[in-house]
Chemist: 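Dumping the structure here so I can ask a few things about it.
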Amino acid sequence: MKQTTSIPEFGIKRDNEERRDGGCAVVFDPQNQKYAVYRNLKNEMLGLYGGGFDENENKNYDHWIYFLRKSVNRAIELGYDTINQNPS
C-alpha cells in the first residue's frame, strides 16, 4: 500500500515564513466510538494531539480541521466509526 498524496497548502501566506515539519494523531476507539482530543484550559477549545504547537503562534486551525475530517472519513470508510454518518 504505497500511496502518496499531495496535501494542499493551508493558512495565510505571510512574509518571512519558515517551513516546519510537524504531525498530529487522530486517535479513535472503535469499541466506544469516541475520538481522543485535548481541551485547552485557557480557551476551552478542543484540539488534536500533535507536535510543534507554540502558544505564540497565530491560531489558524485550518490544517487541523482538514486532517480531522480526512481521518474521520477514513475511519468510516474502513468501518471503524459507525456513529458519524456525514462529517464533511
Side-chain angles (χ1 to χ4, degrees):
M1 182 172 117
K2 187 172 183 170
Q3 180 181 358
T4 58
T5 304
S6 178
I7 299 171
E9 189 170 327
F10 292 95
I12 300 167
K13 267 300 210 195
R14 294 186 174 81
D15 293 336
N16 302 320
E17 284 186 343
E18 295 179 13
R19 182 185 185 284
R20 297 202 180 176
D21 290 327
C24 68
V26 177
V27 181
F28 180 70
D29 177 355
Q31 184 174 358
N32 293 309
Q33 295 291 297
K34 293 187 179 184
Y35 291 88
V37 297
Y38 73 88
R39 180 180 306 274
N40 184 322
L41 298 177
K42 292 181 181 177
N43 62 17
E44 294 296 313
M45 287 190 68
L46 299 178
L48 301 175
Y49 294 99
F53 182 76
D54 181 353
E55 287 292 330
N56 297 322
E57 276 185 64
N58 182 294
K59 304 299 185 213
N60 184 343
Y61 296 104
D62 289 350
H63 57 293
W64 298 111
I65 295 167
Y66 171 81
F67 286 116
L68 176 61
R69 286 184 176 152
K70 294 283 279 187
S71 299
V72 170
N73 284 330
R74 185 68 173 145
I76 291 169
E77 180 182 312
L78 293 172
Y80 295 121
D81 182 339
T82 59
I83 299 297
N84 293 295
Q85 297 302 314
N86 189 8
S88 298

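Because the structure is a prediction, the values reported are computed rather than measured.
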Chemist: Do Y35 and Y80 share a hydrophobic cluster, counting only Ile, Leu, Val, Met, Phe, Trp and Tyr and linking them when any side-chain heavy atoms are less than 4.5 Å apart?
Modeler: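 Shared cluster, yes.
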Chemist: Minimum heavy-atom separation for T82 and Q33, please, with both atom names.
Modeler: N-OE1, 2.5 Å
Chemist: Linking I/L/V/M/F/W/Y whenever any side-chain heavy atoms sit under 4.5 Å apart, do V72 and L78 land together?
Modeler: yes
